[in-house]
Protein chains: 2
Amino acid sequence: MQKAKLTTINDVAARAGVSYQTVSRVINQHPSVSKQALERVQEAIQALKYQPSNAARHLAKQQSAMIGVISYGTLHYGPAQTLASLEREAHELSYTLSNVNVTDLSFAQISAAIQTLRRQRVDGLIIFAPLIDIEHTDLESICADLPVVFTATEPQPKRAVTAIDQFTGARLGAQHLLQLGHQHIALLNGPLDWYDALLRQQGWLSALQRAGITPAADLESDWTAAGGYQQISALLESGTPFTGLLVANDQMALGALRALHQHNYKLPEDVSIVGFDDIPESAFLEPPLTTIHQDFAALAHQSLLQLKACMEHPNLKQHLRVLIPELIIRSSTTTPKQPFRGKK
Amino acid sequence: MQKAKLTTINDVAARAGVSYQTVSRVINQHPSVSKQALERVQEAIQALKYQPSNAARHLAKQQSAMIGVISYGTLHYGPAQTLASLEREAHELSYTLSNVNVTDLSFAQISAAIQTLRRQRVDGLIIFAPLIDIEHTDLESICADLPVVFTATEPQPKRAVTAIDQFTGARLGAQHLLQLGHQHIALLNGPLDWYDALLRQQGWLSALQRAGITPAADLESDWTAAGGYQQISALLESGTPFTGLLVANDQMALGALRALHQHNYKLPEDVSIVGFDDIPESAFLEPPLTTIHQDFAALAHQSLLQLKACMEHPNLKQHLRVLIPELIIRSSTTTPKQPFRGKK
DNA sequence: CGGTAATATGTGATCGTTCACATATTGTCA
DNA sequence: TGACAATATGTGAACGATCACATATTACCG
């Protein structure tokens, strides 16, 4: 093994001819260090390629400069973007991010993830996973007095939450279709154990109800293009009439487009589609996709800011921070050709 | 602040009525612990919600159970997938991953990233970024005796490298087009400061040269659909004749498809397109995209295995591990209608 | 020149673990 | 029953940094 024993603060002190405490002062930029000592210590650090050990520092300081993240579904666009932004933002605040990705939303996995992060003595925690089934009391017992920010999850009483308003997003999409004159509007949603999906369903329903319109169809799929393709193919073959379609992410919308093309539908004349997320490819689909833009970088930024507030003022009451998504109109939506149409 | 002082091994020992060392033995599953002591310690751990401090453990053990990753461009599909897989794999080997994402490939950033990870005393390092301009001697000086695995980078003498064979991948794509009878084949590549892009260019060129065919065009873009759209639009407007197009990732291919549709090209009759990566959406594009499949999960798996080997046998000479990508034929490629065609 | 403050440096204890070693207890067999 | 091994437990030092405090040096002002 490489038992080469890494250089320590003492090695540097010895070489510079000062005490270890002086070296510590140089590292931490304490003002009371003479110019001579400073130079000699810096020279020694360079020469010995000294790097202070975070572990030792954390132990002594009783804080880790680490932020824990519990993430879910990071292979999907939204979570992946958020996580990447989170990492960048954290680095700018000179925090290190420690990410644990859970593969399901069971209490067992969530609690194991929290334990892992508590061992690392993270200074704060961002839970970036839908937690529909978790009891608040259970969470309280594991998180203890760790500062936590939730996102993508249902409102937690007394807990800090930063989220993009999915309800409003879906409503914007549905309203756009309604304003164009669509009367038969279907929803292709993601899995309902994602809280985001639940909220989008509610927003869509709310818009339709307010307009006095009955939903044409309410489908659930798995966020993938394949799933979207499958569901819309089935819907078309079932003969259910619809002219407007709200899809809960752009990948499924892509699959839906394919299904519609295969069934010789003309787009957007025959069916208008609104996606969700505004992935970079959306503007280049056939036809370019009208969609609900979500600012994941802003979500990351805000949740980190909120976590910082939690860490600095642990007793401050935290409120809900909400980001509003934006409707991006492209050419996949238009006025319906006929007020009503069935199977082609 | 929450100066509540977390519970330590001593608190557990006191409650269980044993010495701290016995508690340590329980934590580390040492065999020589009596059944009674074991039970009492476990009870105390439960009751006090004790979690051992990783920082203290690492300090004492002189190893961190952390693996550092230096990543680049994680907002793109390939890197994002690899990173996510890496995290999952590392967790399975009960390592923690510490990721630093660099925003450019300057020596300054790479070396800062390595310093950050050295401070964390990572046990090993996976450099998952193209390092075309970095001198080997510079790297040697920073990495010192840290076990390192490179990937997505040019072969390093004496260093461990795991990579997907991009040269072969591009050649497979080009050969497919050649076998269909295409004579005018263009390449739409990613930025050439990615080593992957460079290798794909070489593989494509090599296949064409072997067939005695001159390249129709050699374009460089930025991996995005927007970039691909722009470049292919320009190519079409320039009137350069081509019937086959190899694109270095599927997002750019998506943009290229859009450009071709807009110019009223019939696909695949007028132009055959081969993508790269096989993103989940590829099968649902218009038309479904023939592409080169890359197994990013396997890449992550292999590089971690190799790193483990490096860590366990530091003096073992490491070789180059290569994964071979696979051609997935869908309907975006067919025989050329005419042996030659210019601007439409 | 004495006194007080500001600056510069050093010493011992501490953070929460593990390791090496010492010691106490139990078991097994001649 | 005595001897020796195996099992079980405890003690002090170490890991590499920071903190609180003590001390030495320099600076300034009346």
Side-chain angles (χ1 to χ4, degrees), chain A residues 1-42 44-45 48-66 96 118-123, chain B residues 1-42 44-45 48-66 96 118-123:
Chain A
M1 300 292 162
Q2 11 97 267
K3 275 286 148 208
K5 238 188 162 187
L6 292 170
T7 61
T8 76
I9 204 172
N10 289 302
D11 302 328
V12 175
R15 188 180 217 269
V18 296
S19 79
Y20 55 83
Q21 183 57 25
T22 304
V23 177
S24 174
R25 288 194 180 98
V26 171
I27 297 168
N28 295 292
Q29 311 188 49
H30 188 99
S32 295
V33 177
S34 71
K35 206 177 167 190
Q36 303 168 28
L38 184 80
E39 277 168 8
R40 290 172 65 190
V41 169
Q42 282 175 335
I45 288 176
L48 300 174
K49 287 176 196 161
Y50 166 72
Q51 294 283 4
S53 153
N54 273 347
R57 173 174 264 169
H58 298 164
L59 189 57
K61 288 228 276 208
Q62 291 291 75
Q63 57 159 346
S64 64
M66 275 196 192
T96 298
R118 291 197 62 132
R119 287 201 178 161
Q120 308 210 45
R121 297 289 189 267
V122 292
D123 294 335
Chain B
M1 299 292 164
Q2 10 95 268
K3 274 288 150 211
K5 239 187 163 188
L6 292 171
T7 61
T8 76
I9 206 172
N10 289 301
D11 303 327
V12 176
R15 188 179 216 269
V18 296
S19 79
Y20 54 83
Q21 183 57 29
T22 304
V23 178
S24 174
R25 288 195 180 97
V26 171
I27 297 169
N28 295 291
Q29 309 187 52
H30 188 98
S32 296
V33 177
S34 72
K35 208 179 167 191
Q36 303 166 28
L38 184 80
E39 277 167 9
R40 290 170 64 190
V41 168
Q42 283 176 334
I45 287 176
L48 300 174
K49 286 176 195 160
Y50 167 72
Q51 294 284 5
S53 153
N54 273 346
R57 171 173 266 166
H58 298 164
L59 188 58
K61 289 228 276 208
Q62 292 290 75
Q63 57 160 340
S64 65
M66 275 194 191
T96 298
R118 291 197 62 133
R119 286 199 178 163
Q120 308 211 44
R121 298 288 189 266
V122 292
D123 294 335

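Within every chain, numbering begins at 1; the chains are lettered A, B, ... in the order of the sequence lines, protein sequences first and strands thereafter.
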task = Kindly say if B:Gln21 contacts the phosphate of D:dG12, meaning a side-chain N or O under 4.0 Å from OP1 or OP2.
result = no
ask   = What nucleotide, of D:dG16, C:dT17, C:dG10, holds the atom closest to the side chain of A:Val18?
value = C:dG10
Spacing of A:Gln62 atom CD relative to C:dT14 atom P, expressed in whole Å = 14 Å
Phosphate OP1/OP2 of C:dG10 contacted by A:Thr22 side-chain N/O (<4.0 Å) = yes
ask   = Which part of the nucleic acid, if any, lies within reach of A:Asn28 when heavy atoms closer than 4.0 Å are counted: base, sugar-phosphate only, or nothing?
value = sugar-phosphate
request  = Indicate yes or no: at least one non-hydrogen side-chain atom of B:Asn28 is less than 4.5 angstrom from one of B:Arg57.
outcome  = yes
query = Does the C:dG10 base have a donor-acceptor partner in the side chain of A:Arg25 within less than 3.5 Å?
reply = yes
task = Return the value, rounded to whole Å, for the distance between atom NE2 of B:His30 and atom C1' of C:dC19.
result = 12 Å
task = Report yes if a side-chain nitrogen or oxygen of A:Gln63 is closer than 4.0 Å to either non-bridging phosphate oxygen (OP1 or OP2) of D:dT18; otherwise report no.
result = no
ask   = Quick one: is A:Ser34 getting a side-chain N or O under 4.0 Å of the C:dA8 phosphate, OP1 or OP2?
value = no
message = In this structure, how many angstroms lie between the P atom of C:dG16 and the CD atom of A:Gln120, rounded?
response = 17 Å
task = Hey, which sits more toward the 5' end of DNA chain D by its nearest nucleotide, B:Leu38 or B:Leu59?
result = B:Leu38
Spacing of B:Asn10 atom CG relative to D:dT11 atom C1', expressed in whole Å = 13 Å
Any side-chain heavy-atom pair of A:Val18 and A:Val23 under 4.5 Å = yes
Of the listed nucleotides D:dG16, C:dT17, D:dG10, the one nearest the side chain of A:Arg121 = C:dT17
task = Check every strand shown and say whether A:Ser32 touches a base, only sugar-phosphate, or nothing at a heavy-atom separation below 4.0 Å.
result = base
For atom NZ of B:Lys61 and atom P of D:dG16, their distance in whole Å = 16 Å
Whole-Å gap separating C1' (D:dC19) and CD1 (A:Ile9) = 12 Å
query = When all nucleic acid strands are considered with a 4.0 Å heavy-atom cut-off, which category describes A:Ser53: base, sugar-phosphate, or nothing?
reply = sugar-phosphate
query = Would you say the side chain of A:Leu6 lies within less than 4.5 Å of the side chain of B:Arg118, judging by non-hydrogen atoms?
reply = yes
ask   = Starting at NE2 of A:His58 and ending at P of C:dT17, how long is that distance when rounded to a whole Å?
value = 16 Å
query = Which part of the nucleic acid does B:Gln51 contact within heavy-atom distance under 4.0 Å: base, sugar-phosphate only, or nothing?
reply = sugar-phosphate
task = Work out which heavy atom in A:Ile9 is nearest to a heavy atom in A:Tyr50; give both atom names and the distance.
result = N-CE1, 3.6 Å
task = Would you mind reading off the distance between B:Tyr20 atom OH and C:dC19 atom C1', rounded to a whole angstrom?
result = 11 Å
inquiry  = Using side-chain heavy atoms (C-beta onward) and a distance below 4.5 Å, is B:His58 in contact with B:Gln120?
reply    = no
task = Name the nucleic acid region contacted by B:Ala37, choosing base, sugar-phosphate or nothing; use a 4.0 angstrom heavy-atom cut-off, strictly under.
result = sugar-phosphate
query = Does OP1 or OP2 of C:dT17 have a side-chain N or O of B:Tyr50 closer than 4.0 Å?
reply = yes
message = In the structure I gave you, are the side-chain heavy atoms of A:Arg121 and B:Gln51 within less than 4.5 Å of one another anywhere?
response = yes
